[in-house]
Structures are given as C-alpha cells and as structure tokens.
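A quick write-up on the structure given underneath.
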Amino acid sequence: MFTSILSLFSSFINLILGINTPGNYPPPLPAEEEHRLFLKAEDGESAAREKLILHNLRLVSHIVRKYYSSAKNQEDLVSIGTIGLIKAVDSFHVSTGARFATYAAKCIQNEILMHFRSQKKLAAEVSLSDTIDVDRDGNPLTYMDVVCTEESLDSEVAKKLYSDKAMRLISTVLDARSKKIIAMRYGLGGRKPLTQRQVAERLGISRSYVSRIEKSALSKLKNYF
C-alpha cells in the first residue's frame with residue numbers, strides 16, 4: 001500500500017517538475033555546494049534537505065536502469081529506491097569524510113533489496129546468494145551484491161516529502177475546479193486515480209476540457225514549485 005502511494009506521488013511530482021525522463025533530472029551538485037547543504041540540513045533546514053534529494057534523484061534512476069533493466073515494474077523500483085535516497089540524506093554526516101554518492105547508492109540498493117525480500121516473505125528463507133536480476137552484461141545480481149548494513153530509518157519520511165508539499169500547493173494555488181480534477185486524476189485524498197475519460201464522465205464535461213485544465217494546473221504548480 002505504501003509503495004503504491006509513494007509511486008503515485010512520485011509520478012505526480014515528476015510531472016510538476018518536468019523530470020519524468022532521466023535526461024530531465026536536475027544535475028548533480030558541485031561538491032562544495034553539496035557539503036554546504038548537508039551542514040544546513042543537519043541544522044534542520046528543510047529546503048536544503050529537499051534540494052539534496054532532488055539533485056540526487058538521477059542516482060536512483062541510474063541504479064534501476066543499470067541493475068534492473070529487465071524488471072517490468074521499474075517505476076515502482078524508482079519509487080522504492082527514492083525511499084532509500086531519502087534515508088541516505090537524513091542519515092548521512094559530512095564529518096565522516098565519505099562520498100555521499102557511494103553511501104546513497106548502497107542505501108538505495110538496500111531499499112530495493114528489502115522490497116524483494118518482502119515479496120518472498122511467504123516463500124522459503126531468502127539466501128543472500130539468490131539471484132534477483134541480471135546486469136546489462138548478463139551477469140547475475142544477487143542479494144549479496146546489493147546488501148547494505150546501514151540501519152533502516154522510518155519510511156514515513158518519504159511519504160511526507162511528497163504529500164505535504166504537493167497538497168499544500170494544490171490547496172493554495174489552484175481554483176476549485178482545477179483542484180477537483182487534479183485530486184480525481186491522481187487519487188489524492190484517498191481517492192482511486194481516474195483516467196481523463198472517467199473524470200470527464202463524472203463531471204459531465206469533455207475529455208479534452210479535462211486535459212486542458214489538468215495541463216494548465218500542472219504548469220501552474222510547476223511554476224510555484
């Protein structure tokens with residue numbers, strides 16, 4: 001359930017930011033700026049934390065495309081990997097002298113590993129030598145290859161990152177009709193996501209009108225974001 005919620009909000013935020021493809025992800029931060037932002041994040045500055053997450057999203061995409069290229073649920077794996085990225089940002093300390101990219105990659109891979117483990121919880125005991133996928137060269141990828149020993153943090157931080165900011169923007173910058181259509185389209189407020197045609201039928205308007213309102217609303221949200 002949590003994964004589906006996170007996946008939905010990931011898609012929604014990606015649409016707002018225009019980062020629905022790997023080439024559109026924000027570029028990595030220069031080392032000095034990243035160091036400065038981590039110091040601010042450790043002092044509780046949420047804007048610094050969110051910027052660190054945003055500018056490292058391409059690392060999640062890279063790992064999923066590199067190690068799980070044959071997986072059918074790549075979007076779900078990106079959402080799951082994003083949880084690992086958020087945990088990495090929240091638990092990393094620049095004082096250790098380690099490279100954040102290396103630390104984050106392990107945490108992202110670990111989160112995906114935990115997902116695969118949960119899928120097998122009703123099966124026999126998982127072996128670290130089990131093959132879970134193959135890389136681009138055809139080499140087997142086992143649990144041992146992606147295991148991370150870092151302690152997992154509460155995954156609720158992932159849900160709050162996406163939901164709080166998105167819902168706050170929707171409530172403040174959209175008119176009533178736009179807000180209703182966005183809520184119906186993306187399943188906000190506990191609703192089931194609907195297609196544009198389903199929204200049009202329920203509101204008694206044309207599908208093209210729904211499409212225009214949705215596009216305008218997302219553009220407005222992107223500007224405010």
Side-chain angles (χ1 to χ4, degrees), residues 6-7 9-69 74-115 133 135-137 139 141 144-166 169 221-225:
L6 181 61
S7 178
F9 274 111
S10 295
S11 300
F12 178 59
I13 297 300
N14 285 349
L15 279 171
I16 294 176
L17 297 177
I19 56 173
N20 52 307
T21 59
N24 289 333
Y25 282 111
L29 295 166
E32 290 185 2
E33 183 178 1
E34 184 175 83
H35 182 89
R36 178 178 60 81
L37 288 173
F38 267 114
L39 292 178
K40 289 187 175 182
E42 289 177 13
D43 286 337
E45 186 175 310
S46 60
R49 173 179 177 271
E50 291 179 10
K51 188 172 183 179
L52 286 165
I53 295 169
L54 185 63
H55 282 265
N56 281 284
L57 284 174
R58 65 171 54 240
L59 178 59
V60 180
S61 175
H62 170 74
I63 289 173
V64 171
R65 286 185 292 114
K66 180 177 181 180
Y67 295 110
Y68 308 97
S69 58
Q74 287 195 10
E75 289 187 4
D76 288 343
L77 293 183
V78 169
S79 298
I80 294 163
T82 300
I83 299 175
L85 171 63
I86 294 169
K87 291 178 179 179
V89 169
D90 288 341
S91 60
F92 183 74
H93 296 286
V94 292
S95 59
T96 64
R99 290 185 67 247
F100 175 68
T102 302
Y103 176 78
K106 284 295 182 182
C107 291
I108 292 166
Q109 291 170 331
N110 183 55
E111 200 66 36
I112 295 174
L113 166 64
M114 296 302 293
H115 165 71
D133 211 329
D135 61 23
R136 289 185 174 181
D137 298 322
N139 300 313
L141 182 70
M144 183 62 75
D145 293 326
V146 297
V147 69
C148 174
T149 59
E150 302 300 330
E151 182 179 357
S152 293
L153 300 178
D154 187 0
S155 59
E156 284 298 314
V157 296
K159 184 164 60 176
K160 285 191 67 65
L161 171 72
Y162 291 106
S163 61
D164 288 354
K165 195 162 190 176
L169 283 173
L221 289 169
K222 178 179 178 180
N223 291 336
Y224 275 90
F225 218 99

Subject >> Nearest heavy atoms of I53 and L85, plus distance in Å >> reply: O-CD2, 3.5 Å
Original post:
If you measure from CG on L39 to OG on S95, what distance do you get to the nearest 0.5 Å?
Top reply: 9.0 Å
Subject >> Value rounded to 0.5 Å, distance of CD1 in I108 from CG in L57 >> reply: 9.0 Å
**OP:** First locate atom NZ of K106, then atom CG of L113, and finally report the distance between them rounded to the nearest 0.5 Å.
**Re:** 10.5 Å
Original post:
So, the side chain of R49 versus the backbone of G44: is there a donor-acceptor pair under 3.5 Å, distance only?
Top reply: no
Original post:
For F38 and V94, which heavy atoms make the closest approach, and how far apart are they?
Top reply: CB-CG1, 3.4 Å
Original post:
Would a 4.5 Å heavy-atom cut-off, applied to side chains only, mark E33 and H55 as touching?
Top reply: no
Original post:
Which distance, rounded to the nearest 0.5 Å, do you find between the OG of S61 and the CG of L77?
Top reply: 11.5 Å
Original post:
Under the side-chain contact (heavy atoms from CB on, under 4.5 Å) criterion, do V64 and I80 qualify, and how do the steps go?
Top reply: CA-CA 10 Å; V64 171; I80 294 163; over 6 Å; no
**OP:** Can you see which heavy atom on A104 is nearest to which on L59, and at what distance?
**Re:** CB-CD2, 3.8 Å
**OP:** Give me the ring orientation class for F92 and F100: parallel if the planes are under 30° apart, tilted from 30 to 60°, perpendicular past 60°.
**Re:** perpendicular
Subject >> Heavy-atom closest contact (A41 atom, A48 atom, distance) >> reply: N-CB, 4.0 Å
Original post:
Going by heavy atoms in the side chains, are V89 and I86 under 4.5 Å from each other?
Top reply: no
Original post:
I63 and Y68: which non-hydrogen atoms are nearest, and at how many Å?
Top reply: O-CD1, 3.9 Å
Original post:
Can you list the steps and then say if T82 with E111 is a side-chain contact (heavy atoms from CB on, under 4.5 Å)?
Top reply: CA-CA 9 Å; T82 300; E111 200 66 36; over 6 Å; no
Subject >> Heavy-atom closest pair, residues T96 and H93 >> reply: OG1-O, 2.9 Å
**OP:** Taking the side chain as every heavy atom from C-beta outward, state whether E34 and N56 have any atom pair closer than 4.5 Å.
**Re:** yes
Subject >> Student check: side-chain heavy atoms of K51 and L29 closer than 4.5 Å >> reply: yes
